[in-house]
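Note that the structure is a prediction, hence the values are computed from the model and not measured.
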Amino acid sequence: MLRHGQLEKSLEVEALLGQGTQASFVSDAGQPQVQSVTVQARRNSIDISNTNNGTTFTAKELARLPVGQNVQAIIALAPGTVRNVSGYYGNVASFGGASVSENAYYINGFPVTNVLTQVGASELPFGAIADAQILSGGYSAEFGRSTGGVVNITTKSGTNQWEIGGKVNWSPAAFAARPSDIYYPNTGANPKTDGKLQYYNRDNNSSSKTVGIYAGGPLIKNKLFIFTALEQTRSDSQGVGASSDTAFNASGWSVNKGEIGRYLVKLDYHLNDDHHFEYTHILDQSKNTSSSYGFSYATLTHDQNLRNGTTIWNAGGSRGGSAGSSPGSTDDIFKYTGYLSDRLTVTALVGKSHTSPRVIPYGYNPAISSVSSSQSARVAGVTYPSSNPQPFGDQVRPDSRDDQKTLRLDVEYKLGSHALRTGIDYNEAASLVGATRPGGYSWAYLYHNNPNTWKPGGADLTLAQGGGFGTQGYYVSEGTYFKSGAPTTSQSAQYIQDRYQVTD
């Protein structure tokens with residue numbers, strides 16, 4: 001604010017989604033004779049802004065709040081939301097009592113809800129969030145395919161000034177209190193267990209570290225801007241999962257390692273004040289490895305013999321993944337916003353996403369078939385393997401995937417006190433799911449005590465007629481198994497709404 005050519009007052013305000021912000025130009029000395037007011041602003045495009053009911057969190061608020069660095073933690077701050085019951089996608093929020101599969105998630109206007117299960121969504125680096133709308137009910141017609149809640153996130157954009165920042169969140173195991181051991185109650189009813197150790201927990205521990213870096217600025221001043229964000233999270237936990245009922249448990253000591261990598265690149269191009277183009281690339285990848293070792297209650301120590309474990313990439317509560325975890329995806333979003341007149345605004349969006357989940361057990365070789373045989377089914381004098389060379393059952397298809405493509409067009413026209421808005425979208429989603437048997441088949445060595453009359457599996461010949469060791473009742477069964485599904489869906493929706501402002 002200028003008075004007599006001098007800067008009288010400078011005021012910084014923050015514009016919120018769907019809300020007004022008051023800016024007072026009254027000085028401490030009273031009402032000045034204002035000559036001019038200069039407004040400087042950085043516009044963060046809000047892609048889907050109409051709302052009737054909900055809460056908005058800005059980047060500044062999220063930086064101040066003691067909240068977990070993920071979208072589900074933000075949702076928990078909004079009224080009417082609650083974490084779901086344990087055991088059924090326990091990390092995903094429920095809105096107003098609706099199922100966790102009835103929510104919709106958007107980033108820059110593009111739907112990022114889990115394609116296969118519709119539970120949870122892929123995420124982006126926490127420091128890339130500019131605004132997060134948590135809509136719990138009564139939201140506008142432009143939000144569809146949801147009977148629970150809507151999570152609408154807008155990412156940051158670069159400006160004419162280069163900015164760079166970073167963060168480190170570290171929760172070391174050494175700074176946490178040791179968990180207490182659990183003992184059997186001393187009831188006097190069972191002298192074998194009364195007051196004795198049941199679960200040894202003193203060595204259970206966990207740690208995590210998140211490192212992030214963010215940068216944004218102009219590639220071409222006033223025209224082309226870039227914003228990038230990279231975030232890496234590593235977590236480790238280990239502990240005893242077996243009780244003292246067994247002196248030595250071959251899988252009693254568990255070790256879990258998790259890695260989450262999230263990246264974002266956003267380009268904003270302003271052809272002029274009326275035409276704005278943007279491209280957003282998001283990568284959300286997760287890897288979780290669980291391993292089991294032997295634990296002895298006699299010495300309260302674990303060995304170093306890795307017996308089993310599983311590595312999971314981007315499973316996200318499906319295909320063997322942990323419930324409620326991010327499904328992981330690669331998203332590409334192209335968007336155009338045109339201010340064709342003071343009254344007419346047009347928005348067009350094209351986006352696609354891809355997810356490649358994998359689940360691989362420790363020691364798994366997809367080229368080796370499993371073999372089973374009991375002592376009673378083994379031919380005397382023939383050498384059999386001491387153990388199954390492939391001790392795994394049917395596994396998730398290695399080529400599993402989820403894909404989505406979205407087209408959307410929105411038009412808004414202001415007519416007096418009316419804000420007319422209409423839109424149409426088209427969405428294609430496809431998944432490839434299923435399981436396959438290691439090696440394509442399995443072998444089972446079997447025995448029947450009546451080889452002269454019994455025909456295995458409805459065969460034309462009896463065991464004896466088959467010859468070889470079949471005359472003694474020995475035979476081999478080959479099992480094949482392959483399960484596959486390729487569900488697809490094509491959806492289109494249209495809406496039209498009129499928001500009427502009764503008074504100023």
Side-chain angles (χ1 to χ4, degrees), residues 86-87 90-91 173 179 198-208 234-260 285-325 328 356-375 384-400 433-445 479 481-483:
S86 178
N91 294 328
Q198 182 182 14
Y199 288 99
Y200 179 72
N201 296 326
R202 298 285 290 171
D203 287 340
N204 295 4
N205 62 79
S206 62
S207 64
S208 66
R234 295 179 182 269
S235 59
D236 298 273
S237 64
Q238 52 187 345
V240 180
S243 70
S244 61
D245 294 342
T246 303
F248 178 82
N249 191 299
S251 301
W253 181 259
S254 298
V255 177
N256 297 282
K257 297 182 180 294
E259 298 179 12
I260 298 177
Q285 301 292 310
S286 65
K287 176 184 178 182
N288 294 276
T289 301
S290 61
S291 307
S292 297
Y293 302 83
F295 183 83
S296 172
Y297 265 94
T299 60
L300 297 180
T301 59
H302 64 88
D303 61 25
Q304 300 297 326
N305 186 4
L306 176 59
R307 290 175 174 83
N308 56 70
T310 304
T311 301
I312 300 173
W313 290 265
N314 305 321
S318 62
R319 305 180 176 97
S322 59
S325 59
S356 297
R358 287 187 295 160
V359 180
I360 300 179
Y362 169 74
Y364 173 71
N365 188 334
I368 299 178
S369 301
S370 63
V371 178
S372 63
S373 63
S374 62
Q375 289 293 336
Y384 290 80
S386 58
S387 61
N388 186 357
Q390 182 69 278
F392 304 104
D394 304 321
Q395 299 297 312
V396 173
R397 288 189 57 166
D399 56 350
S400 297
V433 298
T436 183
R437 185 153 297 179
Y441 48 82
S442 60
W443 298 104
Y445 291 87
Y481 178 85
F482 183 79
K483 179 175 66 174

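Side-chain contact between Gln395 and Pro366 is absent, with no heavy atoms from C-beta onward closer than 4.5 Å. Looking only at side-chain heavy atoms (C-beta outward), Ser291 and Tyr362 stay at 4.5 Å or farther from each other.
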Tyr445 vs Val371, side-chain contact (heavy atoms from CB on, under 4.5 Å): CA-CA, chis, key distance, verdict
CA-CA 8 Å; Tyr445 291 87; Val371 178; 3.5 Å; yes

side-chain contact (heavy atoms from CB on, under 4.5 Å), that's the test. Do Val433 and Ser400 meet it? Break it down for me.
CA-CA 5 Å; Val433 298; Ser400 297; 5.6 Å; no

Candidate pair Asn314 and Arg358, rule side-chain contact (heavy atoms from CB on, under 4.5 Å), full reasoning:
CA-CA 7 Å; Asn314 305 321; Arg358 287 187 295 160; over 6 Å; no

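Checked against the 6.0 Å centroid criterion, the rings of Tyr297 and Phe295 qualify as a close aromatic pair.
Among pairs with a residue in residues 360-375, none fulfils salt bridge (Lys or Arg N to Asp or Glu O under 4.0 Å), at least two apart in sequence or across chains.
With rounding to the nearest 0.5 Å, the separation of CD1 in Ile260 from OG in Ser235 is 6.5 Å. For the atom pair Tyr364 OH and Thr311 OG1, the distance stands at 13.5 Å (nearest 0.5 Å). How far CG of Asn388 is from OG of Ser370: 5.5 Å, rounded to the nearest 0.5 Å. Here the CD-CG distance, from Gln238 to Asn256, works out to 9.5 Å after rounding to the nearest 0.5 Å. The line from CG of Asn204 to OG of Ser254 is 9.0 Å long, rounded to the nearest 0.5 Å.
Between the side chain of Ser369 and the main chain of Tyr441, a donor-acceptor pair closer than 3.5 Å is present. Asn201 places no side-chain N or O within 3.5 Å of a backbone atom of Pro179 that could act as its donor or acceptor partner. Side-chain atoms of Asp303 do not come within 3.5 Å of backbone N or O of Tyr293 as any donor-acceptor pair.
Across all their heavy atoms, Arg397 and Ala435 have their closest contact at CG-N, 3.6 Å. Across Gln390 and Gly363, no two heavy atoms sit closer than the pair OE1-O, 4.3 Å. Closest non-hydrogen pair, Ile360 versus Trp313, comes out as CD1-CZ3, 3.8 Å. Taking each heavy atom of Leu300 and Asp203 in turn, the nearest pair found is O-OD2, 4.3 Å. The shortest heavy-atom contact between Gly258 and Asn288 is CA-OD1, 3.7 Å. In plain terms, the two heavy atoms of Ser251 and Ser292 that are nearest each other are CB-CB, 3.8 Å.
Every salt bridge (Lys or Arg N to Asp or Glu O under 4.0 Å) that Lys257 has, sequence neighbours left out, goes to Asp236. Remark: Pro398 pairs with Thr436 by the side chain to side chain contact (heavy atoms under 4.5 Å, CB included) rule, at least two apart or across chains.
In summary, of the residues considered (Tyr200, Trp253, Phe248), a ring-ring contact (aromatic ring centres under 6.0 Å, His included) with His302 occurs for Trp253 alone.
Within a 6.0 Å sphere centred on CZ of Arg307, heavy atoms belonging to other residues, nucleotides or ligands number more than 12.
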